[in-house]
Amino acid sequence: MWLKALVLLTLIGYVAAQCNVCQSASNVACHSETTFSICYDVTTEIPTTTVTTEIPTTTPTTTTTTEIPNTTTTTEIPTTTTTTETPTTTSTEAPWDADDICQQYSKNTFFENVDDPTCTTFITCTVDADGTHSTKVTSCKANQYFSTSLKVCTATRPDGCVEETTTVDTTTPTTTTVITTTPTTTTTVSTTTPTTTTVTTTTASTTTAEPWSAEATCLTVTKTTLFQNQDDPTCTTYLYCYVVNGSATALIKNCKTNQYYDVSLKTCTATKPDYCT
């Protein structure tokens, strides 16, 4: 009975209501003219979903460029000067010796005659079978000169060789003082006694010493030797008398730098003699 009343109410509400919508007055939702549904008050708790969206925070980046000035630091290192006093060594140059040179060879050979500035002679070094060494001065032919590179005499005079000169031995003239007496006769005429007066005139001759000469000095020796150059008060040069075949040649030679000729040692040394300027 009640069901029929419900259907009737529903149909009445249906006419005035929308389909598929629960009517608040009847809690019925019609679907068509013949179908309907009863509405129940059902509360469905819809879970709340919290959506957290992280908004990225953009922190602006600030680039700061700081220019660091270039600082040049100059450190002055003090200069230390060390003075070392070097002791003075007096060296005496040994004279050239042909025999010493020959001892260095193991067979016969020829080499320069250092004592001959004209290069017209050379040294013949002979080595015997028993090892004995001997030397002798050998002359080149006329107008030929010894070549140290070729080790023979050639017609070409090497550079540094001086021209050969011929020195003729001369006798030093002697000055003789002659006293001449000239008689003078004076005749006096007298009536009593004649008188004869004789006047004697004496003429004196003065001897003057000749100046020093390198050539004249070399005439006094018979073998090669050294002398002081008396024309050089500084003693940086000396007289070299070269004697070959009985003929002497006078040569003025220089000592090495900062050396002086010593008369007593007959060589150049680093010590300046007292008599040198």
Side-chain angles (χ1 to χ4, degrees), residues 79-105 109-125 133 135 137-140 144-154 156-167 210-245 247-277:
T79 303
T80 303
T81 303
T82 303
T83 303
T84 304
E85 183 177 357
T86 304
T88 303
T89 303
T90 302
S91 58
T92 302
E93 183 180 359
W96 179 83
D97 190 289
D99 293 329
D100 292 341
I101 302 299
C102 184
Q103 292 294 330
Q104 301 175 12
Y105 293 94
T109 188
F110 308 110
F111 54 85
E112 177 189 10
N113 180 12
V114 178
D115 286 336
D116 179 12
T118 64
C119 304
T120 56
T121 63
F122 58 93
I123 302 298
T124 300
C125 174
H133 293 69
T135 59
V137 178
T138 306
S139 299
C140 294
Q144 287 196 354
Y145 310 89
F146 184 75
S147 171
T148 56
S149 58
L150 301 176
K151 292 186 180 297
V152 293
C153 295
T154 66
T156 303
R157 184 169 60 197
D159 295 336
C161 298
V162 300
E163 185 176 358
E164 185 178 13
T165 58
T166 303
T167 304
E210 294 186 358
W212 181 84
S213 169
E215 291 75 11
T217 302
C218 288
L219 290 176
T220 63
V221 298
T222 57
K223 63 179 181 179
T224 300
T225 187
L226 309 180
F227 289 100
Q228 177 188 8
N229 179 11
Q230 296 185 16
D231 288 336
D232 178 17
T234 65
C235 303
T236 56
T237 62
Y238 59 92
L239 171 61
Y240 180 78
C241 294
Y242 175 69
V243 179
V244 59
N245 297 329
S247 177
T249 301
L251 299 171
I252 301 298
K253 289 196 172 186
N254 294 316
C255 293
K256 293 182 178 180
T257 304
N258 297 325
Q259 288 195 353
Y260 310 89
Y261 183 76
D262 190 305
V263 177
S264 59
L265 299 176
K266 289 188 175 297
T267 186
C268 294
T269 68
T271 303
K272 181 191 293 186
D274 295 337
Y275 51 80
C276 302
T277 61

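- Between the side chain of Thr148 and the backbone N or O of Glu112 there is no donor-acceptor pair closer than 3.5 Å.
- Nearest heavy atoms, Cys119 versus Cys140: O-SG, 4.4 Å.
- Not one N or O on the side chain of Asn245 forms a donor-acceptor pair closer than 3.5 Å with the backbone of Ser247.
- Atom OG1 of Thr135 and atom CG of Asp97 lie 7.5 Å apart (nearest 0.5 Å).
- There is a side-chain donor-acceptor pair under 3.5 Å between Thr237 and Asp232.
- In plain terms, the two heavy atoms of Leu251 and Pro117 that are nearest each other are CD1-CG, 2.7 Å.
- In terms of the side-chain contact (heavy atoms from CB on, under 4.5 Å) criterion, residue partners of Thr217 (sequence neighbours excluded) are, by chain and number, Trp212, Phe227, Leu239.
- Aromatic ring pairs are classed by plane angle as parallel below 30°, tilted from 30° to 60° and perpendicular above 60°; the pair Phe122 and Phe110 is perpendicular.
- A donor-acceptor pair is defined here as one N or O able to donate and one able to accept, closer than 3.5 Å; such a pair exists between the side chain of Tyr240 and the backbone of Asp115.
- Atom CG of Leu226 is separated from atom NZ of Lys253 by 8.5 Å, given to the nearest 0.5 angstrom.
- Taking every heavy atom of both residues into account, Cys125 and His133 meet most closely at SG-CD2, 4.5 Å.
- For Pro158, the side-chain contact (heavy atoms from CB on, under 4.5 Å) partners are Tyr145, Cys161, not counting sequence neighbours.
- Closest of all the heavy-atom pairs between Ala216 and Thr220 is O-CG2, 3.6 Å.
- Using a 4.5 Å heavy-atom cutoff, the side chains of Val263 and Tyr275 are in contact.
- Side-chain contact between Tyr260 and Cys255 is absent, with no heavy-atom pair separated by less than 4.5 Å.
- Of all heavy-atom pairs spanning Ala248 and Cys218, the tightest one is CB-O, 3.6 Å.
- Not a single donor-acceptor pair under 3.5 Å links the side chain of Ser147 to the backbone N or O of Cys153.
- The closest donor-acceptor contact from the side chain of Asp116 to the backbone of Thr121 lies under 3.5 Å.
- Contact of the Asn113 side chain with the Tyr242 side chain is registered, since non-hydrogen atoms from C-beta on lie closer than 4.5 Å.
- In this structure, Tyr261 and Asn229 have side chains that are not in contact, with every pair of non-hydrogen atoms separated by 4.5 Å or more.
- Gln259 CD to Asn254 CG: the interatomic distance, rounded to the nearest 0.5 Å, is 11.5 Å.
- Residue Ser139 holds its OG atom at 12.0 Å from CD of Gln144, rounded to the nearest 0.5 Å.
- Between Thr271 and Asp262, every side-chain heavy-atom pair lies at or beyond the 4.5 Å cut-off.
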